[in-house]
Amino acid sequence: PVLPVVKSWLPAQQQAWVEEYAPERLLLPCGRRVKVRYAEGKPPMIAAPIQDLYGVDGPLRIAKGRATVVVEVLAPNHRAVQVTSDLASFWREQYPKLKQELQRKYPKHEWR
């Protein structure tokens, strides 16, 4: 990975700023840390299992709230079932239909 090498070139204060504004990982309310992916010209993105997103009803943000994170919502098989930056809308509109389908496929998982 390139990031540790680049960060090692920076003074401690600048390393802290990099972590504050462009973190390598984002802490979800469930306590799990997920990797943030960055691509030129695109918003930051994470991928997380749907169960790890329970309780997240607003947008996830980094860079002191300046950048909204796009969320790739994953089914238990770790395949994307939705990509959104508006989790409130996802829970309200898409999740009820998706939940029925996923409950049939994955009955052992928790479905709220």
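These values consider heavy atoms only, across backbone and side chains, with no hydrogens, waters or symmetry-generated copies.
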Original post:
Taking everything shown except Arg79 itself, do over 12 heavy atoms lie less than 6.0 Å from its CZ?
Top reply: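 Counting neighbours around CZ of Arg79, 12 or fewer heavy atoms of other residues, nucleotides or ligands fall under 6.0 Å, so no.
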Please report the closest heavy-atom contact between [X] and [Y], naming both atoms and the distance.
{"X": "Phe90", "Y": "Ile50", "result": "CZ-CD1, 3.9 Å"}
{"X": "Met45", "Y": "Val83", "result": "CE-CG1, 3.7 Å"}
{"X": "Pro49", "Y": "His78", "result": "CG-CE1, 4.2 Å"}
{"X": "His109", "Y": "Pro76", "result": "NE2-CB, 3.4 Å"}
{"X": "Pro44", "Y": "Ala67", "result": "CG-CB, 4.3 Å"}
{"X": "Ala88", "Y": "Asp57", "result": "CB-O, 3.0 Å"}

Original post:
With a 4.5 Å heavy-atom cut-off, do Ile46 and Leu28 have their side chains touching?
Top reply: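 Yes, their side chains come closer than 4.5 Å.
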Taking [Y] as the starting point, is it possible to reach [X] by hopping between hydrophobic residues whose side chains are less than 4.5 Å apart?
{"X": "Ile62", "Y": "Val70", "answer": "no"}
{"X": "Leu53", "Y": "Leu98", "answer": "yes"}
{"X": "Tyr21", "Y": "Leu60", "answer": "no"}
{"X": "Val81", "Y": "Trp111", "answer": "yes"}

Original post:
Once you round to the nearest 0.5 Å, how far does CD of Glu110 lie from CD of Gln103?
Top reply: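 These two atoms lie 11.0 Å from each other.
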**OP:** Nearest 0.5 Å please: distance from the OH atom of Tyr54 over to the CG atom of Leu87.
**Re:**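 One finds 13.0 Å between OH of Tyr54 and CG of Leu87.
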side-chain hydrogen bond (donor to acceptor under 3.5 Å, both in side chains) against [X], all qualifying residues, sequence neighbours excluded:
{"X": "Gln100", "result": "none"}
{"X": "Thr84", "result": "none"}
{"X": "Tyr106", "result": "Asn77"}

Original post:
Please, which pairs that meet side chain to side chain donor-acceptor pair (under 3.5 Å) have at least one residue in residues 25-50, sequence neighbours excluded?
Top reply: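 For residues 25-50: Arg32-Asp52, Arg37-Glu72.
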Original post:
How about Trp91 and Tyr95: are their ring centres within less than 6.0 Å of each other?
Top reply: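 Close enough - the centres of the two rings lie under 6.0 Å apart.
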**OP:** Would you mind listing every salt bridge (charged side-chain N to carboxylate O under 4.0 Å, His left out) that reaches into residues 13-22, with sequence neighbours excluded?
**Re:**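 Qualifying pairs: Lys7-Glu19, Glu20-Lys64.
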Original post:
Please, which pairs that meet salt bridge (charged side-chain N to carboxylate O under 4.0 Å, His left out) have at least one residue in residues 95-105, sequence neighbours excluded?
Top reply: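 Passing the test, one end in residues 95-105: Glu101-Lys105.
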**OP:** Check the pair Val71 / Val56 against side-chain contact (heavy atoms from CB on, under 4.5 Å), numbers first and verdict last.
**Re:** CA-CA 11 Å; Val71 180; Val56 181; over 6 Å; no
